[in-house]
Amino acid sequence: MNFIITLLISAAVAAFTAQVSPQEQEAKEFKARYDMMVNRVGPDGVGIETLLDKWEAAYPDDVDMLLGRFSYCFSKAQTNEIVVKDQDRYLGSKPFLALKDSTGKDVHYFQETMYDDELFGKAKKALDKAVQIAPDRLDMRFLRVAALVGYEKESPDMALSELKSLIDYNGTKHPKWTYPGEEKVDNEFFTAAVQEYCYLFFKYATPASFEAFKSLSEKMLVYEPSNVLFLDNLGSYYLVAAKDNKTALKYYSKVLKIKQDDMTAIKNVIILARNSKDEKLEKKYLPLMLKYSTEEADKLAAQARLDFLNGKK
């Protein structure tokens, strides 16, 4: 199972400790039995579905039960297959095996998780109901996004729509988010989580994922127009995906007006300048690398390049 999704499921099924009624205690006993069985046989092992059916019959609106149902169906939906691709990276990963065919052409083998549509639909239905019952459980919101990302892979249309709706909800309703295992769930936490998905879409490096990366960053800037994370993202989109150096420079310049020591912007402008063979621009930004970088290797490289551009040996 995808590592991000595994972590989110673990967080989502964590229980809160509190004084409970006899009915609530019985529900918690179901969960304790479920946790014990999952530890022994896994989320889709023998006996899990039977227990979930009994649990659901007694407590159809129990969020933990619904999360268990999601986990069962989501795990059952997955199969791993070996796929052959022309490219040397797929979904941001290198092949686990690379060979040459009879003509000498490289053949790249990747492991890909496939999903049964019907079982995935059942998993999503259970999670959707859990979100309706507890709309401010942020872990479940991001669990739904993670599931969609895994299902859609390089074309994250539904995942993007879910994230954009979540950003609107956060920006207009200002919910008091909860997240099991996290004491402080503030806007900084939310922003950092969204940026993780931006990074994932950028890493996938497909036309659709690049567009999702751009659209998600633009949506965050509606509510946080001076957030350098997402301004940097747009610079990176235009630099890498659109190959529009002029527009990329515009965004990086905006970032550096807000945060003059932003190393993402400084490094990428230097890359942009070198790619464009714009030595004047490069000489303007290399001193910023020397001034603000905390990495000695960056400083040494910047000084060596600056010395070369200035005609020094």
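Note that the structure is a prediction, hence the values are computed from the model and not measured.
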*Please report the C-alpha distance between E29 and R33 in whole Å, then the side-chain angles of each, then the deciding distance to 0.1 Å, and finally whether the salt bridge (Lys or Arg N to Asp or Glu O under 4.0 Å) criterion is met.*
CA-CA 6 Å; E29 288 172 1; R33 289 170 57 196; over 6 Å; no
*asked:* As a quick check of understanding, evaluate salt bridge (Lys or Arg N to Asp or Glu O under 4.0 Å) for K129 and D61, giving each step before the final call.
replied: CA-CA 8 Å; K129 184 176 179 180; D61 295 330; 3.2 Å; yes
In this structure, are over 12 heavy atoms from other groups packed under 6.0 Å from [X] atom [atom1]?
X	atom1	answer
K257	NZ	no
E81	CD	yes
F189	CZ	yes
D86	CG	no
K122	NZ	no

Sidechain-backbone polar pair: [X] side chain, [Y] backbone, donor-acceptor under 3.5 Å:
X	Y	value
S161	D157	no
R89	G92	yes
H108	A98	no
Q111	F96	no

Considering non-hydrogen atoms only, spot the tightest contact between [X] and [Y] and give its length.
X	Y	value
A212	F201	CB-CD1, 3.8 Å
F190	M220	CE2-SD, 4.4 Å
Y204	S209	CB-OG, 3.5 Å
P175	D136	CB-OD1, 3.5 Å
Y251	L231	CB-O, 3.8 Å
L309	K283	CD1-CG, 3.6 Å

Between [X] and [Y], a side-chain donor and acceptor under 3.5 Å:
X	Y	answer
T103	D101	yes
N233	S217	yes
D278	N245	no
N268	Y252	yes

I need the [X] [atom1] to [Y] [atom2] distance, nearest 0.5 Å.
X	Y	atom1	atom2	result
K243	L272	NZ	CG	11.5 Å
I266	L288	CD1	CG	5.0 Å
R274	E279	CZ	CD	9.5 Å
S71	D64	OG	CG	12.0 Å
K203	E196	NZ	CD	10.5 Å
E118	C73	CD	SG	9.5 Å

[X] and [Y] ion-paired at < 4.0 Å:
X	Y	value
R144	D128	yes
D307	R305	no
D168	K164	no
D186	K184	yes
K291	D261	no
K299	E295	no

*Return the set of residues passing ring pair (Phe, Tyr, Trp, His ring centres under 6.0 Å) with Y90 (not counting sequence neighbours), or none when no residue passes.*
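Partners of Y90 by the ring pair (Phe, Tyr, Trp, His ring centres under 6.0 Å) criterion, ordered by chain and then number, come out as F110.
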Would you say that [X] contacts [Y] through its side chain, given a criterion of any heavy-atom pair below 4.5 Å between the two side chains?
X	Y	result
E224	T191	yes
Y109	V83	no
T264	V255	no
N170	V194	no
M114	Q78	no
L127	L143	yes
L216	L160	yes
Y237	T247	no

*Decide side-chain contact (heavy atoms from CB on, under 4.5 Å) for K94 and D88; before the verdict, give the C-alpha distance in whole Å, the side-chain angles of both, and the deciding distance to 0.1 Å.*
CA-CA 6 Å; K94 294 180 180 179; D88 58 4; over 6 Å; no
*Kindly indicate, with the supporting measurements, whether the criterion side-chain contact (heavy atoms from CB on, under 4.5 Å) is fulfilled by V107 and K100.*
CA-CA 5 Å; V107 180; K100 292 187 181 294; over 6 Å; no
Fit a plane to each ring of [X] and [Y], take the angle between them on a 0 to 90° scale, and name the class: parallel (under 30°), tilted (30 to 60°) or perpendicular (over 60°).
X	Y	answer
Y34	W55	tilted
F74	F120	tilted
Y59	F30	perpendicular
F213	F202	tilted

*Decide yes or no on side-chain contact (heavy atoms from CB on, under 4.5 Å) for F230 and Q195, but give the supporting numbers first.*
CA-CA 8 Å; F230 302 105; Q195 177 65 355; 3.3 Å; yes
In terms of hydrophobic clustering (I, L, V, M, F, W, Y; side-chain heavy atoms under 4.5 Å; direct or indirect links), are [X] and [Y] co-clustered?
X	Y	value
L256	I271	no
L66	V131	yes
V228	Y199	no
Y115	I82	no
I258	V222	yes

*Between Y151 and D117, is a side-chain contact (heavy atoms from CB on, under 4.5 Å) present by the stated rule, with each step listed?*
CA-CA 9 Å; Y151 180 71; D117 291 340; 2.7 Å; yes
*Y169 ring centre to R141 NZ or CZ under 6.0 Å, with the angle to the axis within 45°?*
yes
*asked:* Tell me every residue that passes side-chain hydrogen bond (donor to acceptor under 3.5 Å, both in side chains) with R69, counting only those two or more places apart in sequence or in another chain.
replied: D53, E56
